[in-house]
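Read through the structure below, which is laid out as structure tokens, and then see the notes.
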Amino acid sequence: MFDPGFCCCSQPNLYKYCLFFFHKMLCLGIESTAHTFGAAVVDGSGKVLSNEKVMFMTEKGEGGMIPNEVAKHHRQHRDGVIKKALDAAKAKMKDISLVSFSRSPGLAPSLVVGLETAKEIASKNKIPLIGVNHCIAHLEIGNLTTKSKDPVLLYASGVNTQVIAYEAGKYRIFGETLDIGIGNFLDSFARHAGLGFPGGPKLEKLAEKSGMKKKGGIIELPYVVKGMDVSFGGLLTNLKQKFDSKRYKIEDLAFSMQETVFAMLIEVSERAMAHTGKKELLLGGGVACNSRLQEMARIMCRERKAKCFVPERQFLIDNAAMIAWLGVLEHKAGIRKDINKWDIDPYERTDDVEVKWR
Ligand code: AMP
Ligand code: MG
């Protein structure tokens, strides 16, 4: 154990600064961009000591994510989740030397819960605070846990659908959705079909039961790729109309929908890899939990002799470990700001952030 008695300084904050250099620093991460409130403890070397979360859900029917309801949910659960994260890491609040929260992008009411919680903890315990970009956090936790080095990230989540890669000091967006995120598209269709939220996993199960899978058939659906971008709005209307017509089985619609939208995502990812010359594809976001999307990604990578990296589920979905880890990286790179100056930025784009830690 590192003994504070041998530390070059006696002040508590300087002592924590020393811990940081010895990789003993502990960062508490707080995630609250959308449906998930998460808390995690990660050390200065990237060891994930805990990763707890609670997710806003509805069972059946039309209920979706109402921003103020989600924020209320996060407020109710935040203290319990943070306590669980500290307990699981066998840490006390006094052991924490940095607080990192997701400042962007996301639903403003949810982001505010994370900001307020993080500020309270940092002020009360007199520790530095750092606010990080959620999309970039997905990429950095992928690099940490899969050992990818310079990947093209296919980030397929609820609100976000982007193909991101590093170039000239920033994580650039090479392609993205022109309207709704892939996850919201899946959830919206699932809600229309009375399946509840989140809909992606339910549609995946239905797709597996489709007779078309064996027979090799498919229901033709709009395939909308515009250059490097994708669009799901028209496809969603088309699917809802098909569902309402009662001429199709929901299993076959789910199967054909997955084949179509995932092919669109893989096409733009492959084009980004060809354009940048990168030889790694990394998956991120909750929709990347889907086995068919993973299978398509692996096939594409094999065909172009590239590597495909899929983080474990807890790091694909929204999680606070990635927020803590990006906080560590940015803090180590010297990024500092007064606690009271941190704010949320619901519309910040990935390429607004200067990458100082690579
Ligand atoms: P995220 O915002 O990254 O946490 O991802 C949440 C989204 O992932 C929701 O829209 C879910 O419906 C979707 N999702 C989760 N698991 C799956 C799955 N197995 N297949 C498709 N979508 C999924
Ligand atoms: Mg996410």
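Every number for a ligand or one of its atoms is a count from 1 in the order of the listing.
Residue Asn184 has no N or O atom closer than 3.5 Å to an N or O atom of ligand 1. On a distance-only criterion, Phe262 and ligand 1 share no N/O pair closer than 3.5 Å. Between Glu204 and ligand 1, an N or O atom pair is found at a separation short of 3.5 Å.
Centred on the Mg ion (ligand 2), the angle running from His138 (NE2) to Tyr155 (OH) is recorded as 90°, rounding to 10°.
Looking only at heavy atoms of the protein, atom 20 (N) of ligand 1 is closest to Asn290 ND2, 3.1 Å. With respect to atom 6 (C) of ligand 1, the closest heavy atom belonging to the protein is His35 NE2, 3.6 Å. Closest to atom 3 (O) of ligand 1, if we only count protein heavy atoms, is Gly286 N, 2.7 Å. For atom 7 (C) of ligand 1, the closest heavy atom belonging to the protein is Gly158 N, 3.9 Å.
Close approach to Asp187 involves these atoms of ligand 1, each under 4.0 Å from a residue heavy atom: 9 (C), 10 (O), 11 (C), 12 (O). Distances below 4.0 Å separate heavy atoms of Gly285 from the following atoms of ligand 1: 3 (O). Counting atoms of ligand 1 from 1 in the listed order, those under 4.0 Å from a heavy atom of Gly199 are 12 (O). The distance from ligand 1 to the heavy atoms of Gly200 drops below 4.0 Å at these ligand atoms: 12 (O), 18 (C), 20 (N), 21 (C), 22 (N), 23 (C). When each atom of ligand 1 is checked for a heavy atom of Pro198 under 4.0 Å away, the hits are 11 (C), 12 (O). The contact set between ligand 1 and Gly183, taken as ligand atoms under 4.0 Å from a residue heavy atom, comprises 10 (O). Per-residue contacts place Leu186 under 4.0 angstrom from the following atoms of ligand 1 (heavy atoms of the residue considered): 21 (C), 22 (N).
Not one N or O on the side chain of Trp325 forms a donor-acceptor pair closer than 3.5 Å with the backbone of Leu144. At distances below 3.5 Å, not a single donor-acceptor pair connects side-chain atoms of Thr260 with backbone N or O atoms of Tyr223.
Put simply, the side chain of Glu270 does not reach to within 4.5 Å of the side chain of Glu303, judged on heavy atoms.
Of the listed residues (Val159, Val287, Leu293), the one carrying the non-hydrogen atom nearest atom 13 (C) of ligand 1 is Val287.
Looking only at atom types and distance, the side chain of Thr36 has no donor-acceptor partner in the side chain of Glu31 under 3.5 Å away. Side-chain contact check for Glu167 and Thr276: no donor-acceptor pair (N or O, by modelled atom type) lies under 3.5 Å. Side chains of Asn238 and Lys242: a donor on one and an acceptor on the other come within 3.5 Å. Residues Thr33 and His134 bring a donor and an acceptor atom of their side chains to less than 3.5 Å of each other.
The only member of Arg103, His138, Glu348 that meets side chain to side chain donor-acceptor pair (under 3.5 Å) when paired with Asn133 is Glu348. For the side chain to side chain contact (heavy atoms under 4.5 Å, CB included) with Ile121, the lone residue among Ile82, Ile339, Ile96 that qualifies is Ile82.
The minimum distance between the Mg ion (ligand 2) and any N, O or S atom of Asp318 involves atom OD1.
Annotation: cation-pi pair Arg358/Tyr166 present, NZ/CZ under 6.0 Å from the ring centroid and within 45° of its normal.
Taking the six-membered ring for Trp and the full ring otherwise, the centers of Phe56 and His73 sit less than 6.0 Å from each other.
Within the coordination shell of the Mg ion (ligand 2), defined by N, O or S atoms under 2.8 Å, Cys135 is absent.
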